[in-house]
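Down below is the structure, laid out as structure tokens.
In the text below, chain A, chain B and the rest are named by the order of the sequence lines, each starting its count at 1. Remember, predicted model here, so these are calculated numbers, not experimental data. Every heavy atom of this structure was used, including side-chain atoms; hydrogens, water molecules and symmetry mates were not.
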Amino acid sequence: MARAEIARTCIMSGTCEALVPTVFEVDDDGAHVLLDPIPEDLVDAARDAADQCPSRALQVVT
Amino acid sequence: MTGTIDLTADEFWALPPAARYDAFRTLRQTDPFAFFAEPEIPFIEAGPGYYALTRHADIEAVSSQPELFCSGKGAVSIPDMPVELVEFYGSMISMDDPRHARIRRIVSLTFTPKMLDAVIDSVSDLARELLLQARKTAEAGDGTFDFVREVAAPLPLKVICRMMGIPESDHAMVLEQSNIILSGGDPEVLGTDSQEDALGLFLVAGQNLAELMHRLAAERREHPTDDLTSALVNSSADDGDALTDQELGSFFILLCVAGNETTRNAISQGVWAFHEFPEQKQRWMADPTLAKTAVEEIVRWATPVTWMRRTATQDVVVNGHQFHEGDKVVMVYGSANRDETVFDDADVFDIGRSPNPHLGFGARGPHFCLGAHLARREISVAFQSIFELMPDLEVVGEPDRLLSSFVNGIKRMRVRVGQG
């Protein structure tokens with residue numbers, strides 16, 4: 001089971017939401033995880049979003 | 001057709017914006033990996049040339065693969081500069097991981113939306129102060145004032161200086177020196193036509209900004225305050241890592257350049273856009289909930305930074321184009337943000353545009369603008385303050401544009417208040 005964690009270094013670039021909008025949402029308070037745990041079929045996409053997070057704030061942990 | 005387009009020529013960047021956007025469209029549609037000779041600059045040997053990427057998808061592909069397309073050979077200059085200069089002026093923008101990641105991590109901890117809350121709260125007061133002062137200036141004269149000098153330039157500058165804890169008495173120096181660094185060689189800004197003199201001014205400007213920060217760093221190590229400089233030199237990182245004096249100096253130059261001129265030009269270009277599309281101004285004034293999409297559209301429309309460079313680290317194919325190790329690649333955000341395959345009616349300024357996947361803060365990847373949040377808030381507050389305090393603001397004539405390929409700048413823009 002994979003879960004997403006967002007650290008306080010989030011700068012709200014919107015990268016995660018752009019890549020996986022069903023799992024992530026970014027508003028004025030920062031990024032939020034909409035689905036916890038992450039559905040199986042979206043884990044790879046979420047990992048990709050974590051790799052691309054410019055502030056390295058997003059982590060996918062299992 | 002593309003044979004007549006030369007992105008290296010000063011003449012190209014002196015063209016009216018509409019002519020430049022037409023040329024970008026031609027490149028996107030007929031020559032999306034166009035190759036150009038490099039600009040000639042004094043003391044530096046001319047390089048092999050560069051590929052200009054003008055399509056949104058190609059820029060996304062390059063930007064999101066930093067291991068294939070690096071920044072360490074230079075991100076803000078097409079000719080290869082000596083590595084000391086690249087890092088001095090570019091800081092982490094011209095570095096690759098792991099060094100980039102280290103500086104970014106230290107800075108990120110102090111640059112989070114929560115940490116910036118206090119500064120952002122003061123943006124509104126600052127904007128009001130500047131607008132009220134500008135109105136006084138206009139009323140004391142012929143009813144007009146230079147919007148750039150009175151509002152768009154001082155607002156982001158003062159925000160950054162306050163964040164860093166720079167004394168009020170040094171603000172004018174910071175503005176003047178950062179103008180020189182980002183002049184793009186515009187002879188009017190530099191006050192000289194000589195490229196050698198320009199280079200000298202550029203070097204001195206960097207030194208002056210770095211020295212100011214070295215002085216401030218020493219003070220804040222001794223007596224920390226709640227400003228960003230204190231946090232950066234005393235470190236809030238879990239592992240106790242902090243910036244050295246030299247890293248702080250370079251970071252400040254980056255901040256001056258990246259956080260100052262960019263926001264200034266987004267605000268100025270936004271005012272010009274509302275002049276060209278007055279119905280959009282009425283629309284936002286009538287419906288403040290449009291602020292979020294309006295700010296994104298202003299950033300897309302303005303694209304204050306026209307391009308960034310990357311360099312291929314190995315032979316690689318991107319969307320059908322073969323790059324070779326060492327190839328220089330220039331990502332023309334100004335073109336990508338008008339890409340008709342991504343944006344409907346790309347040449348229309350539409351403050352309700354959604355989705356708006358513009359590349360005004362850079363494309364996906366490790367170098368995405370760290371200050372995007374701050375910039376968004378500054379732009380939003382600036383326009384809300386203008387609508388409230390200066391709903392009668394009107395642009396008079398064409399703005400004077402900066403002659404630069406890198407910064408989509410406005411030097412002066414005369415506006416009138418009090419005509420209705």
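Closest approach of Pro54(A) and Gly365(B) over heavy atoms only: CB-O, 3.3 Å. Considering every non-hydrogen atom in both Gln52(A) and Ser64(B), the closest pair reads OE1-CB, 3.4 Å.
The contact between Pro366(B) and chain A is made by backbone and side chain atoms together, counting heavy-atom distances below 4.5 Å. Phe361(B) does not touch chain A: none of its heavy atoms, backbone or side chain, sits under 4.5 Å away. Contact annotation for Arg377(B): neither backbone nor side-chain heavy atoms come within less than 4.5 Å of a heavy atom of chain A.
Atoms SG and CZ, from Cys16(A) and Arg364(B) in turn, are 11.5 Å apart once rounded to the nearest 0.5 Å.
Summarising the local packing, CD of Glu40(A) is surrounded by 12 or fewer heavy atoms from other residues, nucleotides or ligands at distances under 6.0 Å. The neighbour count for Gln59(A) CD, taken as heavy atoms of other residues, nucleotides or ligands under 6.0 Å away, does not exceed 12. Summarising the local packing, CG of Asp226(B) is surrounded by 12 or fewer heavy atoms from other residues, nucleotides or ligands at distances under 6.0 Å. Within 6.0 Å of the CZ atom in Arg3(A), the count of heavy atoms belonging to other residues, nucleotides or ligands does not exceed 12.
A salt bridge links Asp97(B) with Arg56(A): at least one charged nitrogen is closer than 4.0 Å to a carboxylate oxygen.
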